[in-house]
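Report on the following structure.
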Amino acid sequence: MRYLGVLAAVLVVCAFSACSTEKRGGQKVSAETAAAFGDVTLPQGAQVLATATDSGRDTRYRLSLRMTDSQLHNFLAQFPAQPRPSEIPKTITVLAGPAPATAPKPLFLQDKVTTKDHKLVNREIVVDERGPDEVYVHLSLYTT
């Protein structure tokens, strides 16, 4: 019984101190804040389905968007490369929208950018085109 008390005390101390490296998770954040973290501009009129941020060793912002074909074209123009067909999105869990595992032709782009705040940010973009003007875009923006 005495050991259980000691173990409980250690767990409480770790939960409230620096010994925890678990992510604080799933906090909601504005789409503008999340996009700015990765120096990304969101297309005018795109529907924001969900946003979240979490941190541990890294800071991460995630967004799920729905947009039209023309909004997608404008959105992708800001990146130095274009997303390519990939099976990677089929393994990714998204915040909202259809699961990429069921995407007919998922596209994936990963790059790195040094932001205005001089942070190196990894940017992963999943494009899931379900039909004319039904495009789901998922972003994961994180430091390493």
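Just the heavy atoms: all of them, side chains too, but no hydrogens, waters or symmetry mates, feed the values below.
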Practice item. Mind running side chain to side chain contact (heavy atoms under 4.5 Å, CB included) on L95 and L63 for me, showing each step along the way? Key: CA-CA 7 Å; L95 296 174; L63 295 97; 5.8 Å; no
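- When all heavy atoms are compared, the tightest approach of P100 to P89 is CB-O, 3.0 Å.
- Judged by distance alone, with hydrogens and angles left aside, the side-chain atoms of T53 form no donor-acceptor pair with the main-chain N or O of Y61 at under 3.5 Å.
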Point to revise | Intermediate values then yes/no, side chain to side chain contact (heavy atoms under 4.5 Å, CB included), R60 and S55 | key: CA-CA 6 Å; R60 178 176 68 163; S55 62; over 6 Å; no
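- Residue-environment remark: CD (Q44) stays at or below the threshold of 12 foreign heavy atoms within 6.0 Å.
- E129 contributes no side-chain N or O that, together with a main-chain N or O of K105, makes up a donor-acceptor pair within less than 3.5 Å.
- Residues I125 and H138 are not in side-chain contact: their nearest non-hydrogen atoms beyond the backbone lie 4.5 Å or more apart.
- Contact of the L141 side chain with the N122 side chain is not registered, since no non-hydrogen atoms from C-beta on lie closer than 4.5 Å.
- Between the T143 side chain and the T59 main chain, a donor and an acceptor come within less than 3.5 Å of each other.
- A donor-acceptor pair under 3.5 Å is absent between the side-chain atoms of E124 and the main chain of L109, judged by distance alone.
- Counting heavy atoms from C-beta outward, V127 and P83 have side chains that approach closer than 4.5 Å.
- Put simply, the side chain of M67 reaches to within 4.5 Å of the side chain of P43, judged on heavy atoms.
- When side chains are defined from C-beta on, R130 counts as touching Y136, because their heavy atoms get closer than 4.5 Å.
- Checking side-chain atoms of T68 against main-chain N and O of Q71 turns up a donor-acceptor pair under 3.5 Å.
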Practice item. Kindly determine whether V137 and L72 satisfy side chain to side chain contact (heavy atoms under 4.5 Å, CB included), including the steps that lead there. Key: CA-CA 8 Å; V137 176; L72 176 66; 3.9 Å; yes
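- When side chains are defined from C-beta on, V126 counts as touching I92, because their heavy atoms get closer than 4.5 Å.
- Note: the hydrophobic cluster containing L139 does not contain L49 (ILVMFWY, side chain heavy atoms under 4.5 Å, direct or indirect links).
- Annotation: side chain of D128 is in contact with side chain of P104 (closest heavy-atom distance under 4.5 Å).
- Considering T114, V113, T115 in turn, T114 is the only one that fulfils the side chain to side chain contact (heavy atoms under 4.5 Å, CB included) rule with L120.
- Both L65 and V121 sit in one connected hydrophobic cluster of ILVMFWY residues. Membership requires side-chain heavy atoms under 4.5 Å apart, directly or through other members.
- Judged by distance alone, with hydrogens and angles left aside, the side-chain atoms of R123 form a donor-acceptor pair with the main-chain N or O of G38 at under 3.5 Å.
- Crowding of K90 atom NZ: a count of heavy atoms from other residues, nucleotides or ligands under 6.0 Å exceeding 12.
- Among all heavy-atom pairs drawn from S30 and T33, the shortest one is OG-OG1, 2.7 Å.
- The side-chain heavy atoms of F75 and H73, taken from C-beta on, include no pair separated by under 4.5 Å.
- Under a hydrophobic clustering in which Ile, Leu, Val, Met, Phe, Trp and Tyr are joined whenever their side-chain heavy atoms come within less than 4.5 Å, directly or via other members, V135 and F79 fall into the same cluster.
- For the residue pair T93 and R62, no side-chain donor N or O sits within less than 3.5 Å of a side-chain acceptor on the partner.
- D133 places a side-chain N or O within donor-acceptor distance of the main-chain N or O of D69, the cut-off being under 3.5 Å.
- Side chain of T51 to main chain of V29: a donor-acceptor pair is present (N/O by atom type, distance under 3.5 Å, no hydrogens or angles).
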